[in-house]
Peer 1: 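Have a look at the structure that comes next, please.
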Amino acid sequence: MTSVSIFCCFRHCTDGVNGYRFSSKAQNAPKENPIQLDTQFMGYEVVIVKSGQRLCGAGAALGNAPLVQSKAYFEVKIQQGGSWSIGLATRQTDLSLTQGGMDEYSWALCSDNIIRHNKQDIYKIGTPTNIISNGTNMTPLAPQEGDIIGISYDHIQLKFFLNGAELEYPVTNVKGTVYPALYVDDGAILDVILESFNFPPPSGFDKIMLEQSLL
């Protein structure tokens, strides 16, 4: 990605999605969540803005807190389409990669509707037999721009949710100390949601907590 592309990405990240703009005035700004995307663990060509909640550019970024509690949940909104991946990874993963699941240290749902790990296609979602009934409409389970992807992890299974509906493809081979992992390319913009969720977490699951909060 060129410097011009990075500038354009930064402009869209901060000023071009859903009317979000910088403001010189703090209007009842809420206390920032200490858990956010980690600028110490991100690719060289990615941009993190919006108080550590938004990712664009080309590459990956991890969250700054591992999923150490027994049942953790977070969400990601696809603010702008492109090439993206959402899931979990250890700090050994290659953050220059623009797609998750391409090494042994990451597990991700990708924008081509495939869940990957270690360059292997684990599951394909969005098939004609995998649909949501919505009155008279039948909606394929395939994420689109504006959708919310939920991620739950209980150290046994990694599960994905699309707008609150569980995708019936649990991943069971997750190993190591893992963090939220977001990957973007080709204009994609992702927002990580770490509290005040759009959809209720599965029963018993809660937002990611700092390790000292669990003591």
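These numbers come from a predicted model, not from an experiment. Positions are given from 1, in the same order as the sequence printed here.
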Peer 1: Is His155 reaching over with its side chain to a backbone N or O of Val174, donor-acceptor style, under 3.5 angstrom?
Peer 2: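 Checking the backbone N and O of Val174 against the side chain of His155, no donor-acceptor pair under 3.5 Å is found.
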Peer 1: Is Gln80 reaching over with its side chain to a backbone N or O of Gly187, donor-acceptor style, under 3.5 angstrom?
Peer 2: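 Yes; judged by distance alone, with no hydrogens or angles, the pair exists.
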Peer 1: Can you see which heavy atom on Ala142 is nearest to which on Asp147, and at what distance?
Peer 2: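 That would be O-OD2, 4.1 Å.
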Peer 1: Check whether Ser85 reaches the backbone of Gln99 with its side chain - one donor and one acceptor, N or O, closer than 3.5 Å.
Peer 2: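 No, the answer is negative, given that no donor and acceptor are paired below the 3.5 Å cut-off.
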Peer 1: Mind checking what makes side chain to side chain contact (heavy atoms under 4.5 Å, CB included) contact with Gln120, not counting sequence neighbours?
Peer 2: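 Gln120: no side chain to side chain contact (heavy atoms under 4.5 Å, CB included) contacts found.
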Peer 1: Might you point out which heavy atoms bring Leu55 and Ala61 nearest each other, and give the distance in Å?
Peer 2: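 Taking Leu55 first and Ala61 second, the nearest heavy atoms are CD1-CB, 3.8 Å.
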Peer 1: Identify the residue among Leu194, Ile193, Ile149 that makes a side chain to side chain contact (heavy atoms under 4.5 Å, CB included) with Glu75.
Peer 2: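 Output: one option passes, namely Ile193.
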Peer 1: Can you name the nearest heavy-atom pair linking Tyr73 to Gly150, along with the distance?
Peer 2: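 Closest pair (atom of Tyr73, atom of Gly150, distance): OH-CA, 3.8 Å.
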Peer 1: Leu95, Leu97: one ILVMFWY side-chain cluster at the under-4.5 Å cut-off?
Peer 2: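 Cluster IDs for Leu95 and Leu97 differ.
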Peer 1: Under the criterion side chain to side chain contact (heavy atoms under 4.5 Å, CB included), which of Arg54, Met42, Gln36 is the partner of Ile48?
Peer 2: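 Filter result, single survivor: Met42.
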Peer 1: With a 4.5 Å cut-off on side-chain heavy-atom distances among I, L, V, M, F, W and Y, is there a chain of contacts connecting Tyr105 to Val171?
Peer 2: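 No.
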Peer 1: Between the main-chain N or O of Ser152 and the side-chain N or O of Gln157, is there a donor-acceptor pair closer than 3.5 Å?
Peer 2: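 Not a single qualifying donor-acceptor pair exists.
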Peer 1: Within a strict 4.5 Å, meaning less than it, do heavy atoms of the Phe199 and Asn163 side chains meet?
Peer 2: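 Result yes, sub-4.5 Å side-chain heavy-atom pair found.
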Peer 1: Taking the side chain as every heavy atom from C-beta outward, state whether Val46 and Leu37 have any atom pair closer than 4.5 Å.
Peer 2: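 Counting from C-beta outward, Val46 and Leu37 never come under 4.5 Å.
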Peer 1: Do Thr98 and Ser83 touch side chain to side chain, with heavy atoms closer than 4.5 Å?
Peer 2: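 Result no, sub-4.5 Å side-chain heavy-atom pair not found.
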Peer 1: Please tell me if the side chains of Ile208 and Pro180 come closer than 4.5 Å, counting only heavy atoms from C-beta onward.
Peer 2: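 Yes; the side chains approach each other to less than 4.5 Å.
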Peer 1: Taking all non-hydrogen atoms of both residues, which atom of Cys56 and which atom of Ile189 are closest, and how far apart?
Peer 2: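 So the minimum-distance heavy-atom pair works out to CB-CG1, 3.8 Å.
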Peer 1: Say whether Tyr169 and Ile86 are linked into one hydrophobic cluster, either directly or through other cluster members, by side-chain heavy-atom distances under 4.5 angstrom.
Peer 2: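 Tyr169 and Ile86: one cluster.
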Peer 1: Listed by chain and number, what are the side chain to side chain contact (heavy atoms under 4.5 Å, CB included) partners of Asp38, not counting sequence neighbours?
Peer 2: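 With sequence neighbours excluded, Asp38 shows a side chain to side chain contact (heavy atoms under 4.5 Å, CB included) to Gln40, Phe41, Asn64, Arg91, given in chain and number order.
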Peer 1: Is the backbone of Asp112 close enough, under 3.5 Å, to the side chain of Lys124 for a donor and an acceptor to pair up by distance?
Peer 2: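 A pair under 3.5 Å: yes.
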Peer 1: What's the shortest heavy-atom distance between His117 and Asn173, and which atoms?
Peer 2: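 So the two residues come closest at CD2-ND2, 3.1 Å.
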Peer 1: Between Val76 and Phe160, is any pair of side-chain heavy atoms under 4.5 Å apart?
Peer 2: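 With C-beta onward as the side chain, the pair stays apart.
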Peer 1: Can you list everything that forms a side chain to side chain contact (heavy atoms under 4.5 Å, CB included) with Ala89? Sequence neighbours excluded, please.
Peer 2: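 Residues passing side chain to side chain contact (heavy atoms under 4.5 Å, CB included) with Ala89: Leu62, Thr93, Ser106, Ala181, Tyr183.
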Peer 1: I'd like to know if the side chain of Asn198 and the backbone of Ile148 have a donor-acceptor N/O pair within less than 3.5 Å.
Peer 2: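 The answer is no, because no donor-acceptor pair under 3.5 Å joins these two groups.
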Peer 1: Could you verify whether a donor N or O on one side chain and an acceptor N or O on the other, from Gln53 and Ser51, lie under 3.5 Å apart?
Peer 2: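 Their side chains do not contain a donor-acceptor pair, so the 3.5 Å distance test is not met.
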Peer 1: What is the minimum heavy-atom distance between Glu145 and Gly81, and which atoms define it?
Peer 2: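 So the minimum-distance heavy-atom pair works out to OE1-N, 2.7 Å.
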Peer 1: Is Tyr153 reaching over with its side chain to a backbone N or O of Gly87, donor-acceptor style, under 3.5 angstrom?
Peer 2: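 Side chain of Tyr153 to backbone of Gly87, a donor-acceptor pair under 3.5 Å: no, none is there.
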